[in-house]
Protein chains: 2
Amino acid sequence: MQPICRPLKAGKTEISIMDSYLSKHNIVSNATPLFLHQEPADAIYAVCAGCFKLTEQSAENNEKVIGFRFPGELIGEDAIHNQHYQYNAVAVGHTSVCKIDLKELNECGKLMPELQLNLITLLSKQNAMLREEFSSVVAKHTAESLLAAFMLNLFKRNSRYQESGTKLYLPVGRDAIANHLGFRRETLSRIFSKFQQKGLLSIQAKNIEILDLAKLEHIAYS
Amino acid sequence: MQPICRPLKAGKTEISIMDSYLSKHNIVSNATPLFLHQEPADAIYAVCAGCFKLTEQSAENNEKVIGFRFPGELIGEDAIHNQHYQYNAVAVGHTSVCKIDLKELNECGKLMPELQLNLITLLSKQNAMLREEFSSVVAKHTAESLLAAFMLNLFKRNSRYQESGTKLYLPVGRDAIANHLGFRRETLSRIFSKFQQKGLLSIQAKNIEILDLAKLEHIAYS
DNA sequence: CGCAATTTTGACGTAGTTCAACACGTGTGG
DNA sequence: CCACACGTGTTGAACTACGTCAAAATTGCG
């Protein structure tokens, strides 16, 4: 079994509280689905370590990557009001999640209001994350600014729970990133190369380091 | 005072419950900010009627429209865990909102767990809305597919609380839409014209009607 | 080590955005 | 009534960013 990368920082986060009251950690191996589209939605998951990829099946039966989830973030949170999951969630590399069973949560929640407050905070944070993610990709006309904004978003999300705000291990393949951003693998590769030549990023396989935050921001918001 | 358009459908929605327990409706006039970036965050708002535009101030001091909010949706929900609002929220046309005061909510919430459950459902729905909005605009390489997906998303969001799923009154100006989607007003105009010529949409000023859903979907997901 | 999968680079053509300039309708105020 | 500003829609011409095809380079895994 490979080691799991990028664990959640120690500390009394909402997730660790949920975890201690409700459930045990689950280990999910590479490429294993956490859940699939249309499956009955009976649990919310909080990522503790590793990375998940969310996908949709589009009309022509080609997969569309609609997002990635990192430690501290929720997956399947619309299970609270939906009967079925709306997308697929698949582990990228080996991961660890905290499974929040909805039945259990409902029962415990009635007795422990602080558990509900906890969930409210988690949902609020997830909301903020989604809004930020959205505003980082919307209204970007060039692939360069889109990729720059995407990278900045990734680093910001990782720095909350990760020791370094400038280093990032992204277990995702190039195709998945390109798919997610809506361009071809070649284009992605080219821009990565360009960013390296300019000294903005340092990339070795799946390890990425930010070298020039200011310039990257300038490209993103241009 | 102008009439307020597109009110929330009658019925026991989560928002009407919040409203009856916590607060009174607030009327917000056209172009009036609900709150601004950096202001202390002391309340969540739920839109009851009308439309709000969310904006960010980018580096070069030009406004970027990061989203629109319609009846049944939340604004400022990250106030739960943030000290300050992260963006501007401005009324487009005359609107009506339900203000959920956080202090009040905290006090009432301790006594009434059902109020907390209510909020949890609201947040979960908002989460789902954000994720759907995101996946509708991400990975669109042509302006046509982006606009088609944006329109479909608008209609879907409005049909939940609106009588007609095919008609939409969008009080927002062309520039705001173009800004939000990241292209020029000309491009927007061209595509709107094209969609009308093809018989996909009928547009009269700010009234939009879907004529051919299937073809629109095909363009969006191509 | 060797094969397969993934990633990078190059050259080229084109679709589609952008820029610029104008036309039209409407509201406003002198 | 006309002059003006403003929002919106239209059109043409130029450019460039991205997709496509093809091949080389690198990585990963048994």
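Just so you know, these numbers come straight off a predicted model, no measurement behind them. Just so it is clear: chains get the letters A, B, ... in the order the sequence lines come, proteins before strands, and each one is counted from 1.
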Report summary line: Here the residues of residues 176-189 of chain A within 4.0 Å heavy-atom distance, strictly under, of DNA chain C are R185(A), E186(A), S189(A)
Report task. Round to the nearest Å and state the distance from F195(B) atom CZ to dT10(D) atom C1'. Result -> 18 Å
Report task. For residues H180(A) and V138(B), determine if any side-chain heavy atom of one lies less than 4.5 Å from a side-chain heavy atom of the other. Result -> yes
Query - Verdict with reasoning, L154(A) to I208(A), per side chain to side chain contact (heavy atoms under 4.5 Å, CB included) - result: CA-CA 11 Å; L154(A) 285 193; I208(A) 307 178; over 6 Å; no
Query raised in the report: Is any side-chain heavy atom of R69(B) closer than 4.5 Å to a side-chain heavy atom of M129(B)?
Result: yes
Query raised in the report: dT7(C), dT8(D), dT8(C): which one has an atom nearest the side-chain heavy atoms of R174(B)?
Result: dT8(D)
Query raised in the report: Expressed in angstrom and rounded to an integer, what is the separation of I191(A) atom CD1 from dT8(C) atom P?
Result: 12 Å
Requested in this report: Identify, between V172(B) and E144(A), the residue whose nearest nucleotide on DNA chain D lies closer to the 5' end.
Outcome: V172(B)
Query raised in the report: For I203(A) and dT6(C), what is the distance between atoms CD1 and P respectively, to the nearest whole Å?
Result: 19 Å
Query - Between P of dT8(C) and CD of Q196(A), the distance in whole Å - result: 8 Å
Identify each donor-acceptor pair in which a side-chain atom of residues 191-200 of chain B lies under 3.5 Å from a protein atom, sequence neighbours left out, and give them as a table.
| residue | atom | partner | partner atom | Å |
| --- | --- | --- | --- | --- |
| S193(B) | OG | S189(B) | O | 2.9 |
| K194(B) | NZ | E144(B) | OE2 | 2.6 |
| Q196(B) | OE1 | I203(B) | N | 3.2 |

Report task. Give a yes/no answer on whether the side chain of R190(A) brings an N or O atom under 4.0 Å of OP1 or OP2 in dT8(C). Result -> no
Query - K206(B) NZ - dG9(D) C1' separation (whole Å) - result: 15 Å
Query raised in the report: Does a side-chain heavy-atom distance below 4.5 Å link F134(A) with L130(B)?
Result: no
Query raised in the report: CD of Q204(A) versus P of dT7(C): gap in Å, rounded?
Result: 16 Å
Query raised in the report: Tell me: NZ of K194(A) to P of dG10(C), nearest whole Å?
Result: 14 Å
Query raised in the report: Judged by modelled atom types alone, do T32(A) and S29(A) share a side-chain donor-acceptor pair under 3.5 Å?
Result: no
Requested in this report: Take the angle between the ring planes of F35(B) and Y85(B) and call it parallel below 30°, perpendicular above 60°, tilted in between.
Outcome: parallel
Requested in this report: Measure from CD1 on I208(A) to C1' on dT7(C) and round the result to the nearest Å.
Outcome: 14 Å
Report task. Answer whether the closest heavy-atom distance between the side chains of R131(B) and Q126(A) falls below 4.5 Å. Result -> no
Query raised in the report: If an axis is fit to five pairs at each end of the helix from dC1(C)-dG30(D) to dG30(C)-dC1(D), what is the angle between the two, to the nearest 10°?
Result: 40°
Requested in this report: Could you check if a side-chain atom of T95(A) sits within less than 4.5 angstrom of a side-chain atom of V47(A), using non-hydrogen atoms only?
Outcome: no
